[in-house]
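Below you'll find the structure, written out as structure tokens, and then a few comments.
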Amino acid sequence: MSAYSEPSFRESVDLMFNRAVSLMDLAPGLEEKIRVCNATYTVRFGVRLRGQIHTFTGYRSVHSEHMEPVKGGIRYSPEVNQNEVEALAALMTYKCALVEAPFGGSKGGLCIDPRAWDEHELELITRRFAYELIKRDLINPSQNVPAPDMGTGEREMAWIADQYARMNTTDINSRACVTGKPLNAGGIAGRVEATGRGVQYALQEFFRDADGVKKSGLKGTLDGKRVIVQGLGNVGYHAAKFLSEEDGCKIIGIIERDGALVDESGLDVEAVKAWIAENGGVAGYPDAEHTISGNAVLENECDILIPAALEGVIHMGNAADIQAPLIIEAANGPVTAGADEILRKKGAVIIPDMYANAGGVTVSYFEWVKNLSHIRFGRMQRRQEEARHQLVVDELENLSQAVGNTWTLSPDFKQRYLRGADELELVRSGLDDTMRTAYQSMKEVWHSRNDVSDLRTAAYLVSIGKVAASYRAKGL
Ligand code: GLU
């Protein structure tokens with residue numbers, strides 16, 4: 001990479017990968033095998049809409065099949081291209097390995113502006129795209145399991161699941177062909193919030209790591225930290241909401257397509273979200289200062305910067321001006337390899353995408369397991385757990401009576417202790433555990449190796465190590 005040219009997204013991922021493997025001792029050839037994208041399928045299909053045939057281009061890329069099924073979302077955006085889909089598929093490989101979701105990496109995309117079509121048209125387009133992928137086993141419960149990404153959500157996943165079921169009428173596991181479905185179509189509680197929730201858990205765990213916090217130059221806990229969020233889509237919205245409502249963070253900036261809102265006293269995330277839903281953007285929002293040059297706000301002074309929109313928003317052109325000491329990559333690839341180098345030299349700490357936004361695929365994993373087991377999490381245990389807790393409470397109350405009621409259990413304790421966990425609580429617990437465990441594995445490398453100065457390299461070392469181990473186990 002020359003000092004002046006910005007690498008493409010895929011080159012960026014490869015450069016970061018290369019940096020990490022140069023510190024590893026991999027068998028000859030294995031490095032190349034892991035880095036390359038196994039296959040990318042391009043499809044062009046026509047759909048008759050508005051009285052004429054419209055041709056759409058879609059991709060499904062499979063980066064690594066060291067574990068199957070391979071996993072990764074499907075993106076709807078006019079900017080989708082092969083380079084992007086392959087970079088995203090590679091990130092899925094490393095992400096799944098890091099959080100121990102037993103999948104290889106894949107990604108799909110359709111070149112389309114979803115806002116240009118109405119719901120019925122989008123359904124026809126989605127079903128046709130799904131048909132093309134299903135007939136080539138590029139959507140399949142045991143081979144390739146898509147999920148939502150930018151521009152897609154529960155609705156599209158429900159159409160894909162139904163399309164698969166229609167084409168595979170005897171497949172009892174058909175619902176496991178895609179994740180991120182609505183609850184009534186085989187989804188799981190907590191999947192919609194999962195990526196944003198994972199960002200919150202990642203930050204909580206980072207702030208438990210005193211050495212890490214020290215490296216960033218920050219102090220204390222999440223409480224009172226001043227946060228700027230770029231993109232109030234599904235991920236950015238949930239991250240900002242949970243951080244402000246539950247961890248005491250102040251959201252002092254929100255950057256959207258049509259500019260940014262800034263308010264040093266803290267923005268009301270729900271109110272901004274509602275305003276965007278009604279007005280299509282942040283402009284005109286009455287309770288904060290609006291600036292038209294949204295991306296300039298990335299450079300504002302703050303404690304934590306959360307790019308939660310597109311790749312490449314922090315690049316060689318603006319990296320030197322970014323003031324945030326801590327950046328958490330809620331989006332995939334928001335910091336280019338060139339910018340990463342500049343920020344590292346400046347001493348900023350970056351919590352890398354493959355870890356920071358892994359909450360989505362983690363809960364997708366739970367959903368896939370739920371679909372294969374055909375039973376909701378907690379259905380067998382919940383009441384039994386409550387009954388056993390009731391036994392303890394009854395016994396304690398008997399003991400209390402025996403000593404003349406000199407002590408009692410508080411009603412709040414009783415209520416909380418007696419309640420058995422429902423699916424949402426179990427999902428959150430599984431996600432929290434996943435985020436903590438993955439952080440610990442990165443942290444160990446980050447703090448113990450002199451040749452590893454950043455979390456991203458640590459994350460790559462851990463995940464490439466896992467992918468390499470599974471190739472070895474296969475005898476490759
Ligand atoms: N599209 C999400 C991602 O980039 C989720 C993928 C999944 O759940 O399979 O991680």
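None of these values were measured; they are calculated from a predicted model. In what follows, every heavy atom counts, from backbone to side chain, and hydrogens, waters and symmetry copies are set aside. Atoms within each ligand, like the ligands themselves, are counted from 1 in listed order.
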- Item | Residues that Lys466 engages under salt bridge (charged side-chain N to carboxylate O under 4.0 Å, His left out), provided they are two or more places apart | Glu100
- Flag the pair Glu154 and Lys181 as a salt bridge only when some basic side-chain nitrogen lies within less than 4.0 angstrom of an acidic carboxylate oxygen. no
- Message: Could you check whether Arg155 pairs with Glu119 (Lys NZ or Arg NE/NH1/NH2 to Asp/Glu carboxylate O, under 4.0 Å)?
- Response: yes
- Hey, are Asp340 and Arg344 close enough for a salt bridge, meaning a charged N less than 4.0 Å from a carboxylate O? yes
- Using heavy atoms and a cut-off under 4.0 Å, could you grab the residues that are in contact with ligand 1, chain by chain, numbers ascending? Lys71, Gly72, Gly73, Met92, Lys95, Lys107, Ala147, Pro148, Asp149, Arg191, Asn332, Gly360, Val361, Ser364
- For Asp353, which residues count as a salt bridge (charged side-chain N to carboxylate O under 4.0 Å, His left out) partner, sequence neighbours excluded? Arg456
- For Trp159, the ring-ring contact (aromatic ring centres under 6.0 Å, His included) test, sequence neighbours excluded, returns none
